[in-house]
Amino acid sequence: MTRGSAPALVQETAYRYRIDPIGRMRVPGVVFASPGLLPEVGGDQALQQVADVATLPGIVDASYAMPDVHWGYGFPIGGVAATDIAEGGVVSPGGVGFDISCGVRLYAADLDAADLAPRKEAVLDGLSRSTPRGMGKGAVWELSGTDQLAKVLASGARYAVEQGHGVQRDLDRCEDLGAVDDADPAGLSERAVNRGLHQLGSLGSGNHFLEVQVVDAVRDRVAAEAFGLRAGQVCVMIHCGSRGLGHQICTDHVRTMEQAMAGFGITVPDRQLACVPVDSDPGRAYLRAMAAAANYARANRQLLGQAAREVFERLTGAGLNLVYDISHNLAKVETHVVAGQSRRLCVHRKGATRALPPGHADLPADLRDLPDVGQPVLIPGSMGTASYVLTGVPGGPAFASTCHGAGRTLSRHQAARSVRGQELRTQLERRGVAVRGASWRGLAEEMPEAYKDIDAVVEAAEGAGLARAVARLVPVGVVKG
DNA sequence: ATGTAC
């Protein structure tokens with residue numbers, strides 16, 4: 001067995017550690033971290049999960065952990081695992097997460113920080129009113145019924161823009177140009193559909209937010225310019241996912257796979273790693289449902305972004321131009337070279353961000369031919385701290401993936417015990433961050449001290465060769481889910 | 001993350 005005491009880490013390079021295969025591990029574990037992050041590195045449980053993932057049928061290369069790794073449901077958050085489809089490789093809902101296609105969208109405003117300053121409170125009030133958030137209630141777009149929801153699930157942000165909720169650039173700069181093709185709205189449970197009907201255009205809660213930020217430092221001028229970013233510029237970052245619909249899809253398919261697994265001769269060290277071959281009926285059914293949730297999440301961010309754009313236009317006259325929109329909870333069928341051979345892989349990224357290298361065919365058209373510019377990678381920090389824009393680099397060691405954020409170190413409970421929401425708001429306001437919360441408890445749970453240092457996480461990602469920093473952004477206002 | 005437990 002692989003379970004028991006925490007797996008031993010062997011240092012390979014300054015930013016790379018290995019867990020040697022023991023028991024039923026088919027491949028090693030590989031953890032990208034700096035010595036400074038290492039004492040935390042997600043805790044023993046997260047490392048055990050890295051080892052557990054290495055037992056999955058068809059896994060290739062290694063079970064990878066990004067510098068922001070921490071404990072999650074089955075798979076660690078900050079985990080990347082690729083399986084070889086032709087070799088019986090599996091897909092696991094736990095490798096995607098409950099919030100399917102949770103991700104980040106970043107807009108750059110035609111506005112500098114100094115010009116926002118006199119209108120900042122009014123803009124935050126406007127964004128607070130235009131951004132439904134918190135558990136359950138409210139959405140930007142009240143859908144007419146299941147037929148219209150099916151169009152959202154099939155066409156994602158493309159349908160939203162088609163219906164007038166955005167502009168062409170919003171699609172040009174979105175992962176998969178706004179939608180994935182193989183979604184199957186008809187395959188969703190009634191519960192998933194009902195939960196999806198009334199939440200399109202809503203933040204949710206937890207670590208989800210809409211932030212007004214300012215570009216604090218440009219690290220790579222060429223890439224920043226190509227992405228549409230300059231120092232001192234105002235930006236809007238939106239972090240949210242597929243709400244109750246994605247959650248229900250994950251729940252439904254974990255249950256199905258728990259039953260179906262034995263029929264494929266698969267056993268896993270943790271029930272939460274339930275999985276089936278990609279090339280099977282339940283595997284294909286999950287991927288089609290997951291794709292529907294991915295489209296829902298992009299449409300969700302599209303609608304919230306459009307609402308924010310209207311607030312900015314009304315109160316400042318400035319437009320919002322999409323920099324990029326990228327998921328950090330998704331499985332994708334991709335082609336990668338493994339041991340010198342081109343293979344079709346199912347790449348699970350859970351709390352990990354795709355980071356395509358320069359020249360990749362799936363880059364936005366205006367970035368594709370630039371020699372040193374890869375995919376924009378959006379890394380949200382914790383509330384009140386910096387966020388980053390990175391870019392993909394050639395020869396990334398983990399299937400073109402990198403970190404997704406700061407990563408928790410304190411549980412929600414621990415955080416809520418150590419600070420009151422009102423007090424935290426006062427601290428943030430004193431530091432120049434305007435706060436529009438949804439609940440005091442929710443605010444306290446997201447205190448910056450509950451997270452790793454985002455600067456250290458990004459430094460480790462760069463040091464490990466996963467991505468390169470382009471710009472650092474600091475918050476001036478947060479609308480909290 | 002989540003109608004914070006079916």
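Letters A, B, ... mirror the listed sequences (proteins, then strands); counts begin at 1. What you see is a predicted model, and the numbers here were worked out from it, not measured in a lab.
For A:Tyr73 and A:Phe98, the ring centers sit closer than 6.0 Å to each other. A ring-centre distance under 6.0 Å is not found for A:His404 and A:His239.
The distance from atom OH of A:Tyr73 to atom C1' of B:dT2 is 13 Å, rounded to the nearest whole Å. Distance CZ (A:Phe98) to P (B:dT4): 13 Å, rounded to an integer number of Å. Per the geometry, CZ belonging to A:Arg133 stands 14 Å off P belonging to B:dT2, to the nearest Å. Here the C1' atom of nucleotide B:dT4 and the CD atom of A:Glu445 are 10 Å apart, to the nearest Å. Taking atom NE2 of residue A:His198 and atom P of nucleotide B:dT2, one finds them 17 Å apart after rounding to whole Å. Summarising the geometry, the separation between CD on A:Gln248 and P on B:dT4 is reported as 12 Å, rounded to the nearest angstrom. In this structure, A:Arg191 atom CZ and B:dA5 atom P are separated by 14 Å, rounded to whole Å. Here B:dT2 presents its C1' atom at 16 Å from CG of A:Asn194, a figure rounded to the nearest Å.
Electrostatic pairing of A:Glu429 and A:Arg425 counts as a salt bridge here, judged by a charged N lying under 4.0 Å from a carboxylate O. Using a cutoff of 4.0 Å between basic side-chain nitrogens and carboxylate oxygens, A:Lys480 and A:Glu445 are not scored as salt-bridged. Here A:Glu334 does not pair with A:Arg344 in a salt bridge; the nearest charged N to carboxylate O distance is not below 4.0 Å.
Applying a 4.0 Å cut-off to non-hydrogen atoms, none of the residues of residues 285-303 of chain A approaches DNA chain B. Applying a 4.0 Å cut-off to non-hydrogen atoms, none of the residues of residues 377-389 of chain A approaches DNA chain B.
Residue A:Gly206 is in sugar-phosphate contact alone, with no base atom involved, counting any heavy-atom pair closer than 4.0 Å across all strands shown. Backbone-only contact: A:Gly244 has heavy atoms under 4.0 Å from sugar-phosphate atoms and none from a base.
Scored by the side chain to side chain contact (heavy atoms under 4.5 Å, CB included) test, A:Asp84 finds A:Val60, A:Ala86, A:Glu87, A:Arg343, A:Leu345 as partners (sequence neighbours excluded). Residues meeting the salt bridge (charged side-chain N to carboxylate O under 4.0 Å, His left out) test with A:Arg288, sequence neighbours left out: A:Asp184. Under the side chain to side chain contact (heavy atoms under 4.5 Å, CB included) criterion, A:Asp172 pairs with A:Gln168, not counting sequence neighbours.
Using a 4.0 Å cut-off, some side-chain N or O of A:Ser205 falls inside it from OP1 or OP2 of B:dT2. Contact between the side-chain N/O atoms of A:Arg412 and the OP1/OP2 oxygens of B:dT4 is not found at any separation under 4.0 Å.
Counting only residues at least two apart or on different chains, the side-chain hydrogen bond (donor to acceptor under 3.5 Å, both in side chains) pairs with a member in residues 293-302 of chain A are A:Arg105-A:Gln302, A:Asp170-A:Gln302, A:Glu175-A:Arg298, A:Asp176-A:Arg298, A:Arg301-A:Asp325.
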